[in-house]
Amino acid sequence: MENLGILTALFFLFSSSTSLHPSSQTNLQNHCLDDQRSALLQLQHHLYYAPNFTFSSKLELWDPNTQCCSWKGVTCDALGHVIGIDLSYQNLSGSFYSIFNLHHLQRLNLAANNFNTTLFQYGFGKLPNLTHLDLSASCFHDQIPVGISYLTRLVSLNLSYQDDCYWRNDQSSASLKLEKPNFKTLIKKMRSLRELYLDGVNISSQSSEWCETTSLSLPKLSVLSMSNCDLNGHFPAEFFLLPKMQRIDISDNSRLMGQLPEFPINNTLEVLSLQYTNFSGKLPESISNLKLLRVLTLSKLSLNFNSISGSIPPSIANLSNLVELDLSGNNFNGLIPPFHRSGVPNLAYLDLSRNRLSGSIPSSLFTLSTLQTLSLGYNSFSDYQLKLDMFFQLNNLRFLDLSNMSLLIGSHNKSLTFPQLEGLALRSCNLTEFPEFIKSQNKLTSLHLSNNRIHGLDPNWLWKTTLIWVDLSSNRIDIPNQIAFDDAISSFPMLRWLHLQSCNISTFPAFLKSQESLEDLDLSNNKISGAVPNWVWKKSLQSLNLSNNSLTSLDQFSSNQDSLRAPICNLSQLQSFDASFNKLSGSIPSCLGNINTLSFLYLQQNNFSGSIPDFGGATQLYALKLKDNKLEGKLPRSLANCTMLYAVNLGNNTLHDTFPLWLGKLPGLMVLLRANRFYGPIKHLENNFPKLDVLDIASNNFSGQLSIEFFQATHKLRSLKINGNNLEGKLPRSLANCKKLEVLDLGKNMIHDTFPYWLVKLPLLKVLILRSNRIYGSIKFFEDGNAFPMLHILDLAYNNFSGEVSVDFFQSLRGMMVIDGNKVKPSYVGDNYYYKDSVTIMNRGFEIFYQKILTLLTCLDLSNNNFHGRILEEVQDLKSLHVLNLSYNGLFGPIPSALGSLTELESLDLSRNSFSGKIPPQLTSLTFLAVLNLSYNQLDGRIPESNQFGTFSNDSYIGNPRLCGVPLTRKCNEVGSKMLPPKEDEDL
């Protein structure tokens with residue numbers, strides 16, 4: 001919050017020097033040309049006040065009885081031509097066609113209004129003298145018109161933050177986009193442009209072209225602000241070195257890569273904002289050459305991003321103009337630079353959290369009297385039980401975050417205080433009680449003490465009437481039903497956000513009765529049982545999380561939860577509701593489908609029954625999770641009206657319907673209908689499911705053949721699971737068009753085809769399951785060095801394959817040839833917040849269901865086919881294999897010693913073949929081998945005894961009458977492989 005405030009202040013401070021003439025400054029000459037006056041009066045006639053997109057009144061901004069050049073927001077030149085119009089921040093809507101009759105216009109500012117329309121209807125090319133154009137935050141959407149590219153005299157162009165307008169008016173957002181014209185066309189003639197603000201404009205289709213275009217076409221550029229534009233590619237380092245560049249903001253572009261260059265002396269950069277991008281590399285020592293730098297933000301939000309690494313250059317502590325420094329969420333190591341008030345006298349914001357910084361916190365840090373925000377949490381400092389005393393020297397602190405640091409808070413600290421402190425975060429600090437210095441923090445609005453070891457009763461002084469955000473999660477606190485609050489503190493009028501998850505709470509805290517302003521309440525992972533009291537359903541609630549409890553009803557006084565009078569129906573502002581993993585039963589309240597603010601509804605793993613409600617009114621719905629219930633009937637067709645819908649997870653119910661092709665027009669989608677009773681063919685309409693990401697319809701009763709057209713349209717599929725149905729016929733070759741496919745599971749159907757060699761070119765395919773079908777013939781490959789580059793799970797078991805397992809086959813499995821060394825931070829296939837890919841494979845002799853698929857897990861299963869011939873030495877190239885199953889085939893010859901090279905192998909099954917000869921002693925080097933099955937072959941000789949072989953039982957070797965030695969009771973002769981005769985009662 002503090003960061004946002006400082007950035008906002010800096011934005012307005014900086015932009016004031018380049019903004020359009022303020023409306024209070026008017027040209028007071030008397031001369032006013034009639035045509036200019038007429039155009040302005042037409043403009044006034046077609047505009048109206050529209051707060052919240054609602055017509056309020058006609059615009060009466062100007063008095064027609066006075067000179068137009070004296071009107072508010074109007075600027076004229078000496079000849080009476082209108083050269084400036086500033087109607088910003090007026091809540092205006094309507095049309096402004098008449099502006100384009102003012103051909104001398106140089107400055108136009110319509111920022112922060114409520115137009116809610118497109119721009120391509122306006123003739124911007126009719127304003128050739130325009131130098132400053134500001135249409136920001138006014139709810140313009142769709143394509144940026146080509147006419148703007150004709151404004152060759154533009155010095156400043158601002159089309160940014162249209163989504164802010166929609167947010168301000170509590171409406172679903174829409175954005176401007178650059179397609180036709182594209183970015184290159186827009187700016188190629190704007191050689192005079194100095195300031196370019198396109199924040200929030202969608203430029204995702206441009207690849208990296210926008211980078212090259214900008215650096216070549218805009219030599220005078222001093223401000224480049226393109227945050228949240230979905231930019232990708234590599235950001236050119238030349239941008240940072242442009243001689244007049246002062247401000248670069250390309251934040252919130254997670255696919256944008258780049259590295260910081262070496263900065264020359266006298267570089268002019270003042271603001272450099274790269275947070276939430278994919279930049280990597282190091283922070284160069286030459287950062288000290290940015291003498292004018294006021295703001296540097298390089299923070300990262302997620303481990304999915306690349307990180308800036310190395311040490312933080314000590315010279316950064318001498319940037320005397322620095323006001324804000326945010327390096328959080330990266331991979332910096334080493335010491336904190338020696339910040340001192342003599343080097344950074346203006347530093348107000350310092351965030352070094354979530355790195356790998358070590359050593360001690362330098363004492364010079366506590367000389368920074370201007371510091372208002374300090375965040376050092378989640379590092380590796382060597383200070384054991386850091387004393388809180390030293391931080392009390394920072395008298396101007398408004399926000400302090402020392403999370404994940406072992407703090408020593410002495411009893412003598414009771415009298416110490418931070419006089420300006422508004423936010424305190426001490427998460428994971430090994431606290432055993434509530435710090436008593438909080439008692440005197442009377443300005444505290446934000447308190448985060450989660451993941452400590454605090455236990456016992458909450459003290460009354462903890463609950464400040466100023467509190468807005470409180471998080472006490474993951475402590476064993478006691479909030480009894482009757483708290484001795486007096487009238488003064490029984491209600492917290494400011495409290496908006498309360499998280500008490502995993503606090504061992506067994507009842508709903510009684511003080512919630514009086515919290516009428518609560519917007520976000522999280523009571524998940526507790527021991528609350530029974531019905532939800534009606535007083536919990538506050539009309540102010542926007543987010544409510546009651547998951548992982550033992551709740552049985554959502555209505556305290558009625559078992560009929562389908563009633564429109566149920567208390568949950570009063571939550572007209574509800575955006576997110578999670579009651580998953582409880583014991584709720586009955587029908588899902590039908591009113592949930594009428595809440596037009598609802599975006600997230602999670603009710604999975606309960607006992608809900610009946611049909612799914614009509615969601616015709618929930619037009620903002622983004623994610624719907626109702627899996628693992630007892631729902632039945634058909635899917636409500638009203639889901640097609642939820643145009644924001646992305647994730648639909650209805651698995652493990654008893655829904656009975658046909659394939660929902662009517663969902664195919666939704667813009668982006670995950671459809672998860674696993675384990676229901678869906679039936680019939682998988683139908684397709686033209687251009688259906690153009691952005692389908694995941695389709696999981698496994699374990700249903702779908703039948704017929706897979707449509708060729710379906711996979712021509714769904715070319716953005718990442719995960720496809722149709723296993724466990726009754727599909728037949730051939731595999732459609734159009735699957736090869738799905739270039740983003742990572743998981744393909746077609747197992748347990750009746751597909752009758754040859755091996756789909758044409759899938760080898762799928763560059764991202766990691767998992768291919770074809771087991772239990774009727775696929776036949778030999779596995780043939782056309783020689784290709786790039787076959788299956790990422791495949792690490794291949795299951796062809798239980799088919800009718802025949803022929804030899806060829807050299808080409810082993811050489812095609814490129815994804816199994818490299819051992820992933822990153823075992824410390826394992827990654828998963830399709831690790832998405834709304835869906836994690838799963839798979840069932842045979843491992844260690846059992847069918848195992850993996851709820852998440854480790855990218856480390858490598859498996860090859862060719863069992864239960866008709867393969868014959870020898871195992872070739874090339875099998876040793878598959879070095880990352882964990883599971884190899886060749887059982888139930890017709891393979892013969894010796895077991896190759898090359899198998900001893902598969903050092904990652906955990907399960908090896910060669911049973912039910914015709915292998916002969918001795919067990920290779922090289923197999924004893926497989927130190928991870930947990931399961932070995934060589935049964936029912938024609939092996940002979942002594943069983944190796946060292947390493948893992950000492951752990952295997954008789955079952956590993958049964959059916960090989962010429963084998964001897966431990967663990968078999970059959971003894972071997974001391975001479976060679978000749979065996980002693982078996983005892984009469986000995987099993988063969």
Side-chain angles (χ1 to χ4, degrees), residues 7 10-11 13-19 106 130-134 149 151-160 183-184 186-199 203 206 208-227 229 231 233-251 253 256-275 277 279 281-298 308 313 315-316 318-325 346:
L7 283 176
L10 286 169
F11 174 79
L13 177 64
F14 177 79
S15 60
S16 64
S17 64
T18 58
S19 64
Q106 298 175 21
L130 209 61
T131 59
H132 292 73
L133 177 61
D134 190 345
S149 68
L151 305 177
T152 58
R153 297 186 181 183
L154 272 185
V155 173
S156 177
L157 174 61
N158 192 343
L159 303 176
S160 61
F183 189 79
K184 181 178 181 179
L186 178 71
I187 67 167
K188 67 180 180 181
K189 295 181 180 179
M190 298 181 182
R191 304 286 295 178
S192 299
L193 198 65
R194 297 176 187 171
E195 300 172 1
L196 179 60
Y197 302 92
L198 295 178
D199 306 271
I203 312 179
Q206 311 288 310
S208 59
E209 179 185 274
W210 71 272
C211 298
E212 303 153 9
T213 302
T214 311
S215 56
L216 293 173
S217 301
L218 305 176
K220 298 180 180 179
L221 200 64
S222 62
V223 176
L224 177 67
S225 191
M226 296 178 67
S227 64
C229 290
L231 302 174
H234 202 280
F235 189 79
E238 296 79 28
F239 263 112
F240 302 109
L241 308 177
L242 289 176
K244 297 183 179 180
M245 186 63 77
Q246 297 176 353
R247 173 189 176 121
I248 295 178
D249 183 354
I250 49 174
S251 58
N253 289 292
L256 183 61
M257 298 176 289
Q259 293 183 330
L260 292 173
E262 292 294 334
F263 294 101
I265 297 174
N266 298 324
N267 188 286
T268 56
L269 271 173
E270 297 179 17
V271 176
L272 182 54
S273 185
L274 307 178
Q275 74 260 31
T277 61
F279 269 61
K282 298 183 180 299
L283 186 60
E285 287 283 348
S286 57
I287 194 76
S288 60
N289 290 331
L290 305 183
K291 302 299 184 183
L292 303 177
L293 194 65
R294 295 183 289 112
V295 176
L296 175 61
T297 60
L298 303 177
I308 311 293
S315 58
I316 203 170
N318 295 316
L319 295 176
S320 58
N321 287 298
L322 199 61
V323 175
E324 178 178 353
L325 178 61
N346 302 305

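The analysis underlying the following values was restricted to heavy atoms, covering all of them including side chains, and did not include hydrogens, waters or symmetry mates. Numbers for residues simply follow the sequence, beginning at 1.
Atom OG in S320 sits 7.5 Å away from atom CG in N346 (nearest 0.5 Å). Rounding to the nearest 0.5 angstrom, the gap separating the CD atom in Q106 from the CG atom in L133 is 13.5 Å. Note that CG of L293 and CG of L296 are 5.5 Å apart. Values are rounded to the nearest 0.5 Å. Interatomic distance, NZ of K220 versus OG of S192, reported as 4.5 Å (0.5 Å rounding). Once rounded to the nearest 0.5 Å, the distance linking CD1 of I287 with CG of L298 reads 7.5 Å. Of the inter-residue distances, the one linking T297 atom OG1 with L325 atom CG reads 9.0 Å to the nearest 0.5 angstrom.
If you run side-chain contact (heavy atoms from CB on, under 4.5 Å) between L157 and each of L196, D134, I187, only L196 comes through. Here the options are L159, L224, L231, the test is side-chain contact (heavy atoms from CB on, under 4.5 Å), and the partner is L198; only L159 passes.
Across M226 and C229, no two heavy atoms sit closer than the pair O-SG, 3.5 Å. Nearest heavy atom pair, residue L186 against residue M190, reads O-CE, 3.2 Å. Residue H132 comes nearest to L154 through the heavy atom pair N-CD2, 3.9 Å, listed as atom of the first residue, atom of the second, then distance. Scanning all heavy atoms of the two residues, the minimum distance from L319 to L290 falls at CD2-O, 3.4 Å. Closest of all the heavy-atom pairs between Y197 and N158 is CB-OD1, 3.3 Å.
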Pair V271-R294, side chain to side chain contact (heavy atoms under 4.5 Å, CB included): steps then yes or no: CA-CA 6 Å; V271 176; R294 295 183 289 112; 3.8 Å; yes
Audit row: L218, L242, side chain to side chain contact (heavy atoms under 4.5 Å, CB included) steps and yes/no: CA-CA 10 Å; L218 305 176; L242 289 176; over 6 Å; no
Determine all donor-acceptor pairs shorter than 3.5 Å in which one atom belongs to a side chain in residues 257-267; sequence neighbours excluded.
from: E262; atom 1: OE1; to: S286; atom 2: OG; distance (Å): 2.7
from: N267; atom 1: OD1; to: L269; atom 2: N; distance (Å): 2.9
from: N267; atom 1: ND2; to: F240; atom 2: O; distance (Å): 3.1

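Here the side chains of R194 and S156 are not in contact, with every heavy-atom distance at 4.5 Å or above. Residues I250 and F279 are in side-chain contact: their nearest non-hydrogen atoms beyond the backbone lie under 4.5 Å apart. Between S315 and E285 there is a side-chain heavy-atom pair separated by less than 4.5 Å.
Between the side chain of D249 and the backbone N or O of S251, at least one donor-acceptor pair lies under 3.5 Å. Remark: side-chain polar atoms of S222 are not paired, donor with acceptor, to backbone N or O of K244 under 3.5 angstrom. Between the T268 side chain and the M245 main chain, a donor and an acceptor come within less than 3.5 Å of each other.
Side-chain atoms of S273 and Q275 include a donor-acceptor pair closer than 3.5 Å. Side-chain atoms of D199 and S225 include a donor-acceptor pair closer than 3.5 Å.
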